[in-house]
Protein chains: 2
Amino acid sequence: MKIKEKSVSLSQKVKEKITEYIMNENLQPDSVIPSEAVLTEMLGVSRYTVREALALLEQDKILYKIQGKGTFVNKVPTHIESGLEKLESITEIIESYGYEPGTIWIGIEENLPTKDMVDKMGLEEDDKVVTFTRIRTANGKVAVYCVDTIKRTDTMEKIPQIIEEESMFNYLKEKHGIEPEYAIAEIIPTLPTAEMIKHMKIKENQLFLLLHQVHYDKEGSPQIYSMDYFNTDVFKFIVNRIR
Amino acid sequence: MKIKEKSVSLSQKVKEKITEYIMNENLQPDSVIPSEAVLTEMLGVSRYTVREALALLEQDKILYKIQGKGTFVNKVPTHIESGLEKLESITEIIESYGYEPGTIWIGIEENLPTKDMVDKMGLEEDDKVVTFTRIRTANGKVAVYCVDTIKRTDTMEKIPQIIEEESMFNYLKEKHGIEPEYAIAEIIPTLPTAEMIKHMKIKENQLFLLLHQVHYDKEGSPQIYSMDYFNTDVFKFIVNRIR
DNA sequence: CAGTGGTCTAGACCACAAG
DNA sequence: TTGTGGTCTAGACCACTGC
């Protein structure tokens, strides 16, 4: 059996070629790179493809353009770290810090939705929901208190006692075909609840950041309602903001 | 004198045409819109232009595409509010809430940069910086405690006592040609400092969100170092997160 | 003025979904 | 197989920059 080869688009290849060129020529910040016309000839592709590649490099803040002048190399980016604006699972976030993710299960329960859930998830008041409560750890250290809620559907015959899968995103994708495409998150500074203090052995005055989110799929349907309490001793919250 | 007319691109016009079409046909969520080929004929423009317009509508979450199937209308978005990922001045943020922005000046000072400023702004240790400290109000209510710092340059002969301009962004753009294009912000939950309590008449246990930011211009040079303490009684912090 | 990036056209082939 | 969106080509004119 042959492994499926990921076909890489031409623009991607051109992007890499241009990156190589910048490296090889050792171009310094603010120095100009060859014009689009020149790159078109150099690389033997159309201007469209060159512009696609340049657009990608501009998104990555490798280059910037000034109309009428040219395309220039940007400052060396210490800013490449992706921030909150990128939707990642908590497992991915913990791994991106270089930590080993772990999970301590608190429980899985069937409930009636709260008023806020009904509003934000577009539920009926007599719909049922399932709530997964976990503590996520990073290198064994208590990192996040997670409360994730999804709508109870007919495909869920019985509620599992526990989920083996480390990542909630992976579990929901594989078992229920739920795949979040974007989320709207409210950031709320907060002190731990009594429940959290009991389970997490933390100080009462420890500050947390609550990420109160609703996740949507590509079609814009709400899929997951989650309240994640992040220990700010472990995480830095970065947002890349664009004009 | 004639007001300079902003020439609107064709893709923009096409975008509006398509929006009108969706309204007129009263298309419901998840219903398919005409294919790109059909739109090309309907509107008498090239497919490139149609795709540009569709891309804009997809960004706005008005539409979504599925390869091989078609382009569809998204759920009605209550989610249109722009979040933290959009770089706005505090004046703009306050106005977007429908409040009237105001300013109480604490002072303007020349200082030596802190270690953190030297690192993040790429300064020398004997560079000078100028720090503007203000309280921003929303409908007269204390909203944000702002500490903005920029590098002292030769073009700044003397330090002003106060700045009339409401918006710091506008002031810096007009007086010093500084125009932030993006920013990297760290979000830190925090309690008010003694200084803040003195000036703002707030409770000691009032939770604030500190937005610790460095603003960069298009070329990637750091321009503004700012610490903005937001009163979470006044503001909700929303971030739109994308996969 | 010449050279740059920004926008637009017309046409082609490919990858994917559905009958 | 047909129709969809995804990618790519070749060529054109426009808007802005700097000489």
Side-chain angles (χ1 to χ4, degrees), chain A residues 2-18 21-22 27 30-74 177 179 181 217-219, chain B residues 2 4-18 21-22 27 30-59 61-74 177 179 181 217-219:
Chain A
K2 194 179 159 202
I3 301 296
K4 183 185 171 191
E5 297 219 8
K6 202 174 17 179
S7 74
V8 180
S9 72
L10 188 50
S11 343
Q12 275 294 339
K13 288 179 200 158
V14 169
K15 177 185 171 185
E16 281 162 32
K17 287 278 184 194
I18 296 173
Y21 177 89
I22 294 170
L27 294 184
D30 295 327
S31 54
V32 67
I33 73 166
S35 72
E36 295 178 354
V38 173
L39 286 171
T40 295
E41 267 206 31
M42 270 175 55
L43 301 167
V45 297
S46 76
R47 191 177 160 212
Y48 172 95
T49 308
V50 168
R51 282 179 62 79
E52 284 258 319
L54 292 178
L56 292 172
L57 288 164
E58 202 179 1
Q59 277 192 301
D60 293 350
K61 299 212 205 305
I62 309 289
L63 300 175
Y64 62 94
K65 294 176 160 191
I66 301 178
Q67 180 171 158
K69 291 183 76 173
T71 303
F72 304 85
V73 178
N74 224 319
E179 198 163 1
E181 178 67 20
D217 63 13
K218 191 177 185 184
E219 288 79 16
Chain B
K2 192 180 161 202
K4 183 186 171 189
E5 295 218 11
K6 204 177 6 180
S7 76
V8 179
S9 72
L10 186 52
S11 342
Q12 275 294 340
K13 289 179 201 159
V14 169
K15 177 185 171 185
E16 281 162 33
K17 288 278 185 194
I18 296 174
Y21 177 89
I22 294 170
L27 293 186
D30 296 327
S31 54
V32 67
I33 72 166
S35 73
E36 295 179 354
V38 174
L39 287 171
T40 296
E41 266 206 33
M42 271 175 57
L43 302 168
V45 298
S46 75
R47 190 176 161 212
Y48 173 94
T49 307
V50 168
R51 282 179 62 80
E52 284 260 316
L54 292 178
L56 292 172
L57 289 164
E58 203 179 359
Q59 277 192 301
K61 299 212 206 305
I62 310 290
L63 300 175
Y64 63 93
K65 294 175 160 192
I66 300 178
Q67 182 172 157
K69 291 184 75 172
T71 304
F72 304 85
V73 179
N74 224 321
E179 198 163 359
E181 177 68 21
D217 63 13
K218 191 177 184 185
E219 286 80 18

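Model, not experiment: these values are computed from the prediction. Every chain is numbered from 1 and lettered A, B, ... according to where its sequence line falls, protein lines coming before strand lines.
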query: Do you know the tightest heavy-atom contact between Q12(A) and L56(A)?
result: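 Closest approach of Q12(A) to L56(A): NE2-CD1, 3.9 Å.
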
- prompt: Of the candidate nucleotides dG6(D), dC8(D), dG18(D), which contains the atom at the shortest distance from the side chain of L10(A)?
  reply: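 Shortest atom-to-atom distance from the side chain points to dC8(D).
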
task: Counting heavy atoms from C-beta on, name the nucleotide in dT4(C), dC8(C), dG6(D) closest to the side chain of E36(B).
output: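 Looking only at side-chain atoms, E36(B) lies closest to dG6(D).
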
In this structure, how many angstroms lie between the [atom2] atom of [N] and the [atom1] atom of [X], rounded?
| X | N | atom1 | atom2 | value |
| --- | --- | --- | --- | --- |
| L39(B) | dA10(C) | CG | P | 15 Å |
| Y64(A) | dG6(C) | OH | C1' | 18 Å |
| E41(A) | dT9(D) | CD | C1' | 15 Å |
| Q67(A) | dG6(C) | CD | P | 6 Å |

At under 4.0 Å, does any side-chain N or O of [X] touch on OP1 or OP2 of [N]?
| X | N | value |
| --- | --- | --- |
| K69(A) | dG5(C) | no |
| T71(A) | dG5(C) | yes |
| K65(B) | dG6(D) | yes |

Which atom pairs, donor and acceptor, lie under 3.5 Å between side-chain atoms of residues 35-45 of chain B and protein residues at least two apart or in another chain?
{"from": "S35(B)", "atom 1": "OG", "to": "V38(B)", "atom 2": "N", "distance (Å)": "3.3"}
{"from": "E36(B)", "atom 1": "OE1", "to": "R47(B)", "atom 2": "NE", "distance (Å)": "2.9"}
{"from": "E36(B)", "atom 1": "OE1", "to": "R47(B)", "atom 2": "NH2", "distance (Å)": "3.1"}
{"from": "E36(B)", "atom 1": "OE1", "to": "R51(B)", "atom 2": "NH1", "distance (Å)": "3.4"}
{"from": "E36(B)", "atom 1": "OE2", "to": "R51(B)", "atom 2": "NH1", "distance (Å)": "3.1"}
{"from": "E36(B)", "atom 1": "OE2", "to": "K65(B)", "atom 2": "NZ", "distance (Å)": "3.2"}
{"from": "T40(B)", "atom 1": "OG1", "to": "E36(B)", "atom 2": "O", "distance (Å)": "2.7"}

- prompt: G68(A) or Q12(A): which one's nearest nucleotide on DNA chain D is closer to the 5' end?
  reply: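 Here Q12(A) is the residue nearer the 5' end.
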
task: Step by step, work out the side chain to side chain contact (heavy atoms under 4.5 Å, CB included) result for I22(B) and L63(B).
output: CA-CA 10 Å; I22(B) 294 170; L63(B) 300 175; 3.8 Å; yes

- prompt: Parallel, tilted or perpendicular for Y48(A) and Y48(B), by the 30°/60° rule?
  reply: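 Ring orientation, 0 to 90° scale: perpendicular.
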
- prompt: Which value, rounded to the nearest 0.5 Å, describes the distance between K218(A) atom NZ and E179(A) atom CD?
  reply: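 Nearest 0.5 Å value for the NZ-CD distance: 10.0 Å.
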
- request: Within residues 42-59 of chain B, find the residues that approach DNA chain D with a heavy atom at under 4.0 Å, and present them sorted by residue number.
  value: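 Contacting residues: R47(B), R51(B).
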
query: Who passes side-chain hydrogen bond (donor to acceptor under 3.5 Å, both in side chains) against T49(B), sequence neighbours left out?
result: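 With neighbours one apart ignored, the set is S46(B).
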
